[in-house]
Amino acid sequence: MSDRTLYPAERGDLRLSFEYFPPKNEEMERQLFDTARSLDVFAPGFVSVTYGAGGSTKSRSLTTVKRLIEECDMPGTAAHLTCVGASRAEVDQVIEEFAKAGVRHFVALRGDPPGGIGASYSPFPGGYENAAALVAGLARRGRFEISVSAYPEKHPESSTVDADIDMLKRKVDNGATRALTQFFFDNDDFERYLERVRAAGITIPIVPGILPINNFAQVTKFAGLCGARVPEVLATRLAHLDDKPEERFKEATHIAAEQIADLARRGIRDFHLYTMNRAPLISAVCDLVGFPHRAAADGMPQGAAA
Ligand code: FAD
C-alpha cells in the first residue's frame, strides 16, 4: 500500500461494499470472479449482484450469487431484486430460490419501467406496486436483511426530494435497514440530502454509492438518464484525457478517492462502490484512500493483528 494515502483507515473504521452485475458470457464471468476475488483483499462487509428489471437476468443473477456464496466463500452476498413487470407469485418464487441458495440479504428495488429510465411506470397487475411493497413482502417471507435505494439528487420520476424521502420512509417503515444511494459526484448534494433524511426521522444508514469513472462519456450519458449531476470540474479533469489511458486512470483514481476521503472526513463510515466488474480502478481507489488489506493467513486486515 502507498504511504501517501488520503484517509488512512484503521481496521473497521471505514467499511466497504462492492456491487457487481451478472456476466453475459464466459469471458465476462471469468472477469467478474477474478475481480471479486481480488477485491476481497479489502474485506468488504458484503458484495451485491444486480438483477435485471422484469427478471431479465434471473438465472444469471442466481448463478452468480450462488457461486459467490459457495465458491468464493462470501456468505453475506446480497441479491438485488426488482418487482417491476412480475406478479407477486413470480417475485415470491424468486425470493424462495435465492433464499434456498443461501441469500440472507436483499437489495429490494422496484426497477425501471420496460420502456427504460424515465418511461412511464404502471404497476404490474397483481404485482408488488413499488419497492416499499416489495420490502413488506420480503419482511413477511423471512428474516432477511433488506437494503433499498436512495437518491441524493432525486429520482427522475419523483416530483420533489420530499416525495422521494417519503418513499424512503415507507420502505424503512416496512422493514428496510440500510439505503444504498445512486451515484453522485458532489458531496454537498449528499450532505444536504442526508440532513433532510434525518430531519424526516429516518435513522437507518444511508450509504453513499461511489462510481469511479472508467469512461467519462459513458458516465456522463448514464448520469443524465439517472438525474445525477456531473460537475464541470470533472469534465475539466477528465474529458481531455480520452487518448491518454494511463493519465486518465490516475485522475479517475484521485477523483473517486478524494470523494471518499472527503465523505469520511464528514463522518461517513460506509461506502458502496459500483465496480463495473473491474478490479484495477477500484483497487487503486481503495489503496489511495488507505483501506487496509486483509492478511492472507488469518483473514485479518494487515496492520491490525499486531
Ligand atoms: P422506488 O424506491 O419504489 O421509487 C424511487 C423513487 O421514485 C421514489 O422515491 C418515488 O418518489 C419515485 N416514484 C416511484 N414511482 C413513482 C411514480 N409512479 N410516480 C412518481 N414518482 C414515483 N435497477 C435494476 O433494474 N436492477 C438493479 O439491480 C438495480 N440496482 C440498484 C441499486 C441501487 C443502489 C440503486 C440506487 C438503483 C438500482 N436500480 C436497479 C435502479 C432502480 O431500479 C431504478 O432507479 C428504478 O427506477 C426505481 O427503483 P426503486 O427501487 O428505487 O424505486
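Basis for what follows: all heavy atoms, side chains included, without hydrogens, waters or symmetry-related copies. Everything numeric in this text was worked out from a predicted model, so none of it was measured.
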So, the side chain of Arg178 versus the backbone of Val207: is there a donor-acceptor pair under 3.5 Å, distance only? no
Lys154 NZ: over 12 foreign heavy atoms closer than 6.0 Å: yes
Using the ring pair (Phe, Tyr, Trp, His ring centres under 6.0 Å) rule, collect all pairs that involve residues 9-36, keeping only residues at least two apart or in two chains. none
Verdict with supporting geometry, Cys286 and Leu16, side chain to side chain contact (heavy atoms under 4.5 Å, CB included): CA-CA 9 Å; Cys286 293; Leu16 282 167; 3.9 Å; yes
Glu251 and Lys244: salt bridge (charged side-chain N to carboxylate O under 4.0 Å, His left out), yes or no, with the steps? CA-CA 11 Å; Glu251 196 60 20; Lys244 299 177 182 156; over 6 Å; no
Donor-acceptor pair, distance only, cut-off 3.5 Å: does the side chain of Thr57 make one with the backbone of Gly52? yes
May I ask you to decide whether Arg141 forms a salt bridge with Glu96, counting only side-chain N to carboxylate O separations under 4.0 Å? yes
Minimum heavy-atom separation for Lys66 to Ala101, with atom names? CG-CB, 3.5 Å
Take Val135 and Tyr128 through the side chain to side chain contact (heavy atoms under 4.5 Å, CB included) test and state the conclusion after the steps. CA-CA 9 Å; Val135 170; Tyr128 290 107; over 6 Å; no
Verify, without hydrogens or angle tests, whether Arg294 (side chain) and Phe42 (backbone) share a donor-acceptor contact under 3.5 angstrom. no
Kindly determine whether Arg30 and Asp34 satisfy salt bridge (charged side-chain N to carboxylate O under 4.0 Å, His left out), including the steps that lead there. CA-CA 6 Å; Arg30 245 192 321 277; Asp34 287 350; over 6 Å; no
Measuring from Asp262:CG to Ile268:CD1, what's the distance to the nearest 0.5 Å? 10.0 Å
Establish whether Leu281 and Leu263 are linked, either directly or via other cluster members, by ILVMFWY side-chain heavy-atom contacts under 4.5 Å. yes
Is it true that Leu180 and Val197 fall in one hydrophobic cluster, defined by side-chain heavy atoms closer than 4.5 Å? no
Do NZ/NE/NH1/NH2 and the carboxylate oxygens of Arg265 and Glu258 come within less than 4.0 Å? no
Rounded distance [0.5 Å steps], CZ in Phe46 versus CG in Leu68: 13.0 Å
Using modelled atom types only, decide if a donor and an acceptor are shared between the side chain of Thr35 and the backbone of Asn277 within a distance under 3.5 Å. yes
So, Ser61 versus His80: side-chain donor-acceptor pair below 3.5 Å or not? no
When rounded to the nearest 0.5 angstrom, what is the spacing between CD in Glu157 and CG in Asp112? 7.5 Å
Could you walk me through whether Lys24 and Glu29 pass the salt bridge (charged side-chain N to carboxylate O under 4.0 Å, His left out) test, one step at a time? CA-CA 7 Å; Lys24 286 192 180 135; Glu29 194 171 326; over 6 Å; no
Go through the steps for Leu81 and Val91 under the test side chain to side chain contact (heavy atoms under 4.5 Å, CB included), then give the verdict. CA-CA 8 Å; Leu81 178 61; Val91 174; 4.1 Å; yes
Is there a donor-acceptor contact under 3.5 Å from the side chain of Arg110 to the main chain of Val84? no
Using the test side chain to side chain contact (heavy atoms under 4.5 Å, CB included), find all partners of Arg278 that sit at least two apart in sequence or belong to another chain. Gln31, Asn214, Pro280
Between Glu153 and Arg229, is there a donor-acceptor pair closer than 3.5 Å when you use the side chain of the first and the backbone of the second? yes
Which atom names give the shortest non-hydrogen contact between Val103 and Ala79, and what distance separates them? CG1-CB, 4.0 Å
Where the side chain of His254 meets the backbone of Lys250, is there a donor-acceptor pair that is under 3.5 Å apart? no
Checking the side chain of Gln259 only, and the main-chain atoms of Phe184 only, is there a donor and an acceptor separated by less than 3.5 Å? yes
Counting N and O atoms only, with roles assigned by atom type, does the side chain of Thr181 sit under 3.5 Å from a partner on the main chain of Gly209, one being a donor and the other an acceptor? yes
For the atom pair NZ (Lys58) and CZ (Phe98), what is the distance rounded to the nearest 0.5 Å? 8.5 Å
Sort and list the pairs that fulfil ring pair (Phe, Tyr, Trp, His ring centres under 6.0 Å) and have at least one residue in residues 140-177, not counting sequence neighbours. Phe106-Phe144, Tyr151-His155
Considering all heavy atoms, the nearest Thr82-Gly111 contact: CG2-CA, 3.9 Å
Sidechain N-carboxylate O distance under 4.0 Å for Glu71, Arg67: yes
We want to know whether Thr77 and His105 form a side-chain donor-acceptor pair, criterion being a heavy-atom distance below 3.5 angstrom. no
Test: Asp173 and Lys169 ion pair at under 4.0 Å: yes
With rounding to the nearest 0.5 Å, note down the distance linking CD1 in Ile69 to OG1 in Thr64. 11.0 Å
Are Tyr193 and Ile204 linked, directly or through intermediate hydrophobic residues, by side-chain heavy-atom contacts shorter than 4.5 Å (ILVMFWY only)? yes
To the nearest 0.5 Å, how far apart are SG in Cys83 and CD in Glu90? 12.0 Å
Leu273 vs Ile260, side chain to side chain contact (heavy atoms under 4.5 Å, CB included): CA-CA, chis, key distance, verdict: CA-CA 10 Å; Leu273 269 66; Ile260 293 172; 4.2 Å; yes
Would you call the rings of His272 and Tyr274 parallel, tilted or perpendicular, where under 30° means parallel and over 60° means perpendicular? perpendicular
Can you name the closest pair of heavy atoms from Tyr121 and Asn130 and give their distance? OH-N, 4.3 Å
Would the number of heavy atoms belonging to other residues, nucleotides or ligands and lying under 6.0 Å from CG of Asp243 be above 12? no
Quick check: is Leu109 connected to Ile146 through a chain of hydrophobic side chains (ILVMFWY, heavy atoms under 4.5 Å apart)? no
Short N-O contact, Glu191 and Arg266, less than 4.0 angstrom: yes
Heavy-atom closest contact (Met28 atom, Pro23 atom, distance): C-CB, 3.5 Å
Count the heavy atoms of every other residue, nucleotide or ligand shown that sit under 6.0 Å from CE of Met276, and state whether that count exceeds 12. no
Looking at Arg198 and Ile202, would you say the former's side chain and the latter's main chain have a donor-acceptor pair under 3.5 Å? yes
